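Order of listing sets the numbers, starting from 1, for every ligand and every atom in it. Just so you know, these numbers come straight off a predicted model, no measurement behind them. Position 1 is the first residue of the sequence, and the numbers go up from there.
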Amino acid sequence: MNLVFLGLPGTGKGTQAKILAEKLAVPHIATGDIFRSAIANKTELGQKLKQYLEQGALVPDQVTCGIMEARLQEEDAKQGFILDGFPRTIVQGEALDESLSKLGLKLDGVVYFAAGEDVLIARLSGRRVCESCGATYHLVFNPPAQKDLCQLCGGKLIQRHDDREATVKNRLIVNRDNNEDLRKYYESRGLLITVDAENPLQQVTSEIFNKLGVS
Ligand code: AMP
């Protein structure tokens with residue numbers, strides 16, 4: 001299955017994408033993860049991206065689309081994929097269509113994560129990530145057994161710079177209109193599968209699996 005997970009930051013797309021990708025044995029391709037890894041590895045690209053991520057601003061479409069076009073050409077994406085955080089603008093949506101058509105592929109569905117912004121602000125500011133393996137936790141909804149320690153690898157849990165409240169608000173403002181434009185874009189093509197992302201994690205997983213016919 002070739003899928004896009006669409007929704008504002010904090011809707012749980014990443015968490016759900018990891019679960020479904022494992023179930024379907026397809027790659028989970030998240031632009032945010034690709035960008036953060038370039039920054040952590042201090043690559044030339046990473047240096048350019050740092051300022052955008054720190055401010056919660058969008059990385060320019062041309063840069064993002066170029067990276068994703070190359071990523072989709074990799075061997076593992078031939079078996080299917082889940083895109084998380086891409087596309088984030090209509091320009092990116094159109095670029096994705098073009099990249100897929102060059103590869104003879106098409107999208108099978110776009111899972112839309114619907115949630116109110118108040119819920120998202122609360123979720124993002126309580127989110128903690130493992131600095132070693134990237135696993136995510138939440139201070140209230142999914143706390144680690146031992147404070148500040150990852151249950152999977154023992155790594156230290158940190159707050160992403162862009163999960164601080166001021167940046168969170170900026171990320172929502174920056175993404176709000178684009179998110180709605182993309183929702184309509186995919187709805188008009190009959191690809192949209194909407195899930196209630198305010199529900200608890202496992203309930204959202206069940207809704208996604210049911211609606212996609214995954215057992
Ligand atoms: P995320 O992990 O999806 O919340 O993304 C973290 C940050 O990476 C965003 O706040 C943007 O600065 C950048 N980013 C991720 N995906 C995109 C995209 N498709 N287009 C532009 N910027 C992006």
Side-chain angles (χ1 to χ4, degrees), residues 3-21 27-41 43 45-72 77 81-100 107 110-113 115 117 119-131 133-138 157-183 185-186 197:
L3 299 169
V4 164
F5 276 18
L6 178 69
L8 288 171
T11 43
K13 307 183 296 295
T15 305
Q16 299 293 344
K18 280 195 190 91
I19 295 170
L20 184 63
H28 163 215
I29 304 175
T31 36
D33 289 348
I34 295 174
F35 295 162
R36 279 185 290 278
S37 126
I39 293 170
N41 293 326
T43 63
L45 173 73
Q47 308 287 347
K48 285 190 201 144
L49 298 176
K50 206 164 176 252
Q51 49 163 332
Y52 296 102
L53 272 85
E54 278 177 358
Q55 290 161 12
L58 287 182
V59 172
D61 284 334
Q62 211 188 343
V63 178
T64 306
C65 294
I67 291 172
M68 290 305 275
E69 173 155 33
R71 179 64 186 87
L72 286 166
F81 51 77
I82 301 176
L83 301 184
D84 162 16
F86 180 86
R88 249 182 167 92
T89 63
I90 293 286
V91 171
Q92 293 181 12
E94 288 168 353
L96 172 62
D97 292 340
E98 210 172 298
S99 301
L100 292 179
L107 285 181
V110 174
V111 179
Y112 179 71
F113 289 70
E117 291 191 16
V119 175
L120 302 182
I121 291 170
R123 278 194 191 163
L124 286 167
S125 40
R127 179 161 74 176
R128 296 293 180 271
V129 294
C130 172
E131 66 176 359
C133 75
T136 54
Y137 297 85
H138 192 281
L157 300 187
I158 53 162
Q159 182 174 41
R160 272 172 47 177
H161 280 283
D162 59 352
D163 279 347
R164 293 182 190 152
E165 197 163 329
T167 318
V168 162
K169 287 191 176 144
N170 190 38
R171 284 164 70 199
L172 291 176
I173 293 166
V174 162
N175 285 290
R176 191 184 287 148
D177 292 349
N178 288 320
N179 187 59
E180 183 55 15
D181 290 348
L182 282 167
R183 192 190 66 73
Y185 180 71
Y186 288 122

The closest protein heavy-atom partner of atom 16 (N) of ligand 1 is Thr31 OG1, 2.8 Å

If we ignore hydrogens and angles and just use 3.5 Å, is the side chain of Arg71 paired with the main-chain N or O of Ile29 as donor and acceptor?
no

Atom 20 (N) of ligand 1 has as its nearest protein heavy atom Gln92 NE2, 2.9 Å

Closest heavy-atom approach to atom 15 (C) of ligand 1 among Glu54, Met68, Arg88 is made by Arg88

Under a 3.5 Å distance rule, please check whether Arg176 uses its side chain to pair with a backbone N or O of Ile173 as donor and acceptor. no

- Salt-bridged, Asp163 to Arg128, with N to O below 4.0 Å? no

Going by the 4.0 angstrom heavy-atom rule, the piece of Ala57 near ligand 1 is backbone

* Pro9 N/O under 3.5 Å from ligand 1 N/O -> no

Review point. So is Asp33 polar-close to ligand 1, meaning N/O to N/O under 3.5 Å?
Key: no

Mind running side-chain contact (heavy atoms from CB on, under 4.5 Å) on Lys18 and Ile82 for me, showing each step along the way? CA-CA 9 Å; Lys18 280 195 190 91; Ile82 301 176; over 6 Å; no

With side-chain contact (heavy atoms from CB on, under 4.5 Å) as the criterion, how do Thr167 and Leu124 come out once you've worked through the C-alpha distance, each side chain's angles and the decisive distance to 0.1 Å? CA-CA 10 Å; Thr167 318; Leu124 286 167; over 6 Å; no

In Asn178, Asp61, Asn175, the residue satisfying side-chain hydrogen bond (donor to acceptor under 3.5 Å, both in side chains) with Thr89 is Asp61

The closest protein heavy-atom partner of atom 14 (N) of ligand 1 is Phe35 CE1, 3.5 Å

Checking heavy atoms under 4.0 Å, the part of Gln51 that sits near ligand 1 is neither

**Report entry** Polar contact flag for Gly85 and ligand 1 (N/O pairs, less than 3.5 Å)
**Finding:** yes

Contact region, Thr64 to ligand 1, non-hydrogen atoms below 4.0 Å, reads side chain

The reported gap from CD in Glu117 to OG1 in Thr11 (rounded to nearest 0.5 angstrom) is 11.0 Å

If you scan protein heavy atoms around atom 22 (N) of ligand 1, the nearest is Val59 N, 3.0 Å

If you scan protein heavy atoms around atom 4 (O) of ligand 1, the nearest is Arg171 NH2, 3.0 Å

